[in-house]
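Residue numbers begin at 1 in each chain, while the letters A, B, ... track the order of the sequences. Predicted, not measured: the structure shown is a model, and the values here were computed from it.
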Number of protein chains: 2
Amino acid sequence: MTSTQAAEPAGERAGEQAAESAGNRRRGPSMADVAREAGVSGQTVSRVANGRHNVDPETRERVTAAMRRLGYRPNSAARALRSGRFHSIGVIMFTLSSFGNMRTLDAIAAAATDAGYTINLIPVPNPTRGDVSVAFDRLSEEAVDGVVIIVEAHLLDERDIELPAGLPVVVVDSNAGDRFPVVDTDQAHGARLATEHLLDLGHATVHHVAGPDRSYSAVHRREAWEATLRERGAPVPDALVGDWSSESGHRIGLRLAADPSVTAVFAANDQMALGVLRAMHESGRPVPAEVSVVGFDDMEESGNYWPPLTTVRQFFGEVGRRSVEALLHEVESGVAHGTTLVSTELIVRDSTAAPTAPRAAASVTG
Amino acid sequence: MTSTQAAEPAGERAGEQAAESAGNRRRGPSMADVAREAGVSGQTVSRVANGRHNVDPETRERVTAAMRRLGYRPNSAARALRSGRFHSIGVIMFTLSSFGNMRTLDAIAAAATDAGYTINLIPVPNPTRGDVSVAFDRLSEEAVDGVVIIVEAHLLDERDIELPAGLPVVVVDSNAGDRFPVVDTDQAHGARLATEHLLDLGHATVHHVAGPDRSYSAVHRREAWEATLRERGAPVPDALVGDWSSESGHRIGLRLAADPSVTAVFAANDQMALGVLRAMHESGRPVPAEVSVVGFDDMEESGNYWPPLTTVRQFFGEVGRRSVEALLHEVESGVAHGTTLVSTELIVRDSTAAPTAPRAAASVTG
DNA sequence: ATCGAGCATGTTCACGTCAACATGCAGTGC
DNA sequence: GCACTGCATGTTGACGTGAACATGCTCGAT
């Protein structure tokens with residue numbers, strides 16, 4: 001198929017072979033080469049490459065043929081230089097640890113690709129001010145038209161961390177609402193759903209395994225949990241703070257399991273819920289017979305935990321899509337969106353049930 | 001919020017003000033501006049920006065001051081155009097679904113950043129030939145110096161999918177060994193570890209829940225499992241094929257649970273192992289008392305499954321780091337590495353134990 | 001026949017950077 | 001004192017593209 005591959009363009013290349021293999025890299029044919037090959041001007045090639053309509057069909061055909069023959073690819077650096085647009089969006093995120101972030105990134109990447117944009121991933125190894133600053137510094141040297149920041153974002157409030165001026169930004173999972181457009185899951189709604197579900201089941205109150213304080217989503221979930229309890233006149237136990245890991249969930253779960261008054265637990269994510277589940281098993285407190293557990297996220301695996309976990313589903317895909325949408329809107333129009341909230345849904349599985357006869361380990365009734 | 005959206009029809013720009021805030025973006029100060037401000041030539045600014053040593057300290061100071069004052073940032077497009085190097089590496093991967101891929105990506109991003117490279121993420125929505133081709137096409141329009149491909153890569157064998165010639169490539173999780181350098185976990189070693197562990201515990205044989213056939217890691221694990229059984233003279237049951245999801249693990253687990261001769265199961269990843277665990281619980285076959293289960297990956301959560309899962313740990317970070325290393329080596333020297341294997345480690349937790357009195361549901365012996 | 005509108009195509013130039021090649025000046029050796 | 005070396009700095013041009021402007025041709029209206 002490939003055969004001789006164009007062979008003779010001009011005198012031009014003699015011992016190209018050797019040079020090409022090593023040092024000479026990445027200098028493919030340019031528009032000028034295509035133009036020569038097709039017998040037209042460079043500008044015409046440009047027009048064809050950009051799908052302009054004012055080109056004679058026959059000429060267009062000749063040019064595309066030449067492109068194919070030469071294996072021409074537009075040079076994005078030159079394009080960007082000329083146009084000042086990079087067709088790329090940066091994504092700043094903490095090491096991709098968390099399930100939710102990853103799903104969001106996935107959706108962002110898909111949406112950006114659809115829109116003809118490229119993703120420039122800028123990892124932040126540690127959520128320290130220094131590392132975040134470095135990431136931001138990098139930004140302006142990088143070639144991006146806008147940025148999505150997925151960082152538990154109290155750091156954005158620091159006065160001395162500064163984004164390059166004039167660079168469109170959208171923030172995910174943060175407040176920062178006044179400084180930047182925000183796209184986020186409706187944390188409060190989700191937490192309310194979970195808490196009410198347990199209350200409706202007849203539990204006297206709901207204990208909460210919270211995420212770390214520095215995370216806004218953790219704080220929002222916690223606040224909504226507390227507000228819901230108050231509204232319903234239920235006592236508000238102290239929230240126990242974990243770090244999102246199932247390990248921390250397990251540690252906290254052990255403490256909860258030791259307290260016989262605990263019958264309902266709402267964990268701020270599925271991983272911590274998993275740890276709680278394990279703690280309950282180890283402590284001989286059957287779920288859901290004695291203790292009900294609800295998570296948050298709806299990871300793929302949640303339905304296969306033991307028992308299958310009742311949880312709040314987040315639509316990460318939607319969050320990602322909306323982020324890109326908002327960002328590109330800003331990039332193209334210069335006008336920033338406001339805040340966008342994506343709702344949640346309660347997925348009821350087998351880890352929740354009505355409490356048994358209060359505080360007595362009687363046999364399961366009917 | 002959406003309001004007028006774009007407004008200006010023909011006049012193109014009404015007041016420059018508005019135009020400046022929107023259309024005119026990203027034209028910060030250039031070297032020329034800094035040069036003027038500092039009273040030196042552009043070339044001197046360039047030298048300072050690149051940390052060359054042949055600049056008088058006093059001049060350097062003056063230039064950096066001017067840079068700061070103006071908020072100068074080098075334009076990477078111009079740099080790339082001039083130098084033909086983009087300082088960016090592309091990563092082609094399937095929608096970041098899998099845990100392992102995501103960890104690998106994380107490590108790649110970190111390593112690349114350390115090396116002063118940027119990550120250009122190129123998602124492949126579906127593992128169809130078409131989508132892969134599109135991703136590859138994008139590649140040459142994108143500005144990357146090399147590519148890491150994390151794709152279950154039977155697709156790479158298709159003759160008609162072609163990478164841009166001369167673009168350095170490293171493949172992760174694939175064979176393709178003859179065409180490209182490969183970095184991968186030593187799948188065979190891990191699978192052997194898992195199988196031998198169960199055999200050593202005294203199980204007559206080990207059943208296998210395999211990953212999909214199109215995945216090379218799945219195939220390698222399966223082959224190693226089979227080879228190990230043969231070497232040890234154990235019978236080789238049919239492998240049951242899942243799709244990596246815990247859901248599929250559950251489905252298959254139900255079948256395994258129904259067969260009383262099954263006492264040991266090796267699942268090709270932790271998620272499927274989780275599904276198997278659930279199936280065993282549902283079927284009243286206690287783990288590990290009656291059935292032992294081993295996974296593969298060692299996800300963060302595995303230690304909090306119920307029971308905590310014995311599994312094979314993969315060092316994704318290492319894989320990612322090595323990939324970048326191999327790729328950059330190729331980018332810089334033009335010479336391709338060979339294959340690199342990263343080893344694995346067996347993590348024994350509570351989901352495995354010696355079989356009870358063969359095939360009898362007797363009480364647990366001392 | 002004449003003019004101009006409409007359209008395909010060509011020419012020129014600047015985007016920001018940096019390699020290669022000047023320039024100019026201080027100091028060194030003979 | 002003269003050529004010469006070493007070093008800081010300046011000048012020129014090209015990387016590949018596409019906007020703006022220029023050219024030339026066809027066709028219809030007058």
(request) Consider the side chain of B:Val55, meaning its heavy atoms from C-beta on, and name the nucleotide among D:dT9, D:dT17, C:dG16 that approaches it most closely. (result)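 Output: D:dT9.
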Separation of [X] atom [atom1] from [N] atom [atom2], in whole Å?
{"X": "B:Leu81", "N": "C:dA14", "atom1": "CG", "atom2": "C1'", "result": "12 Å"}
{"X": "A:Asp56", "N": "D:dT26", "atom1": "CG", "atom2": "P", "result": "13 Å"}
{"X": "B:His87", "N": "C:dC18", "atom1": "NE2", "atom2": "P", "result": "10 Å"}
{"X": "A:Arg36", "N": "C:dG10", "atom1": "CZ", "atom2": "P", "result": "14 Å"}
{"X": "A:Asn54", "N": "D:dC25", "atom1": "CG", "atom2": "P", "result": "19 Å"}
{"X": "A:Asn75", "N": "D:dC15", "atom1": "CG", "atom2": "P", "result": "12 Å"}
{"X": "B:His53", "N": "D:dT9", "atom1": "NE2", "atom2": "P", "result": "15 Å"}
{"X": "B:Arg85", "N": "C:dA19", "atom1": "CZ", "atom2": "P", "result": "12 Å"}

(message) Between B:Asn120 and B:Val91 (side chain of the first, backbone of the second, donor and acceptor by atom type, cut-off under 3.5 Å), is there such a pair?
(response)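 Flag not set: sc B:Asn120 to bb B:Val91 has no pair under 3.5 Å.
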(message) Given 3.5 Å as the limit, does a donor-acceptor pair link the side chain of B:Asp145 with the main chain of B:Ser88, or not?
(response)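 Side chain of B:Asp145 to backbone of B:Ser88: a pair is present.
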Closer than 4.0 Å, any side-chain N/O of [X] to the OP1 or OP2 of [N]?
{"X": "A:Arg79", "N": "D:dG18", "answer": "yes"}
{"X": "A:Thr59", "N": "C:dT9", "answer": "yes"}
{"X": "B:Arg82", "N": "C:dA19", "answer": "no"}

Would you call [X] and [Y] a side-chain contact if the rule is heavy atoms closer than 4.5 Å?
{"X": "A:Val48", "Y": "A:Met67", "answer": "yes"}
{"X": "A:Ile119", "Y": "A:Ile89", "answer": "yes"}
{"X": "B:Tyr117", "Y": "B:Val331", "answer": "yes"}
{"X": "B:Val40", "Y": "B:Val45", "answer": "yes"}
{"X": "A:Asn75", "Y": "A:Arg79", "answer": "no"}

(request) Quick one: sort the A:His329 and A:His337 rings into parallel, tilted or perpendicular, breaks at 30° and 60°. (result) perpendicular
(request) For A:Arg52, answer base if it contacts any base atom (sugar-phosphate contacts may also be present), sugar-phosphate if it contacts only those atoms, and nothing otherwise; contact means non-hydrogen atoms under 4.0 Å. (result) sugar-phosphate
(message) Could you work out how much the helix from C:dA1-D:dT30 to C:dC30-D:dG1 bends, comparing the axis of its first five pairs with that of its last five, to 10°?
(response)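 It works out to 50° between the end axes.
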(message) Working to the nearest 0.5 angstrom, can you tell me the gap between A:Met102 CE and B:Asn101 CG?
(response) 8.0 Å
(request) Name every residue in residues 39-51 of chain B that has at least one heavy atom under 4.0 Å from any atom of DNA chain D, in order of residue number, or write none if there are no such residues. (result) B:Val40, B:Ser41, B:Gln43, B:Thr44, B:Arg47
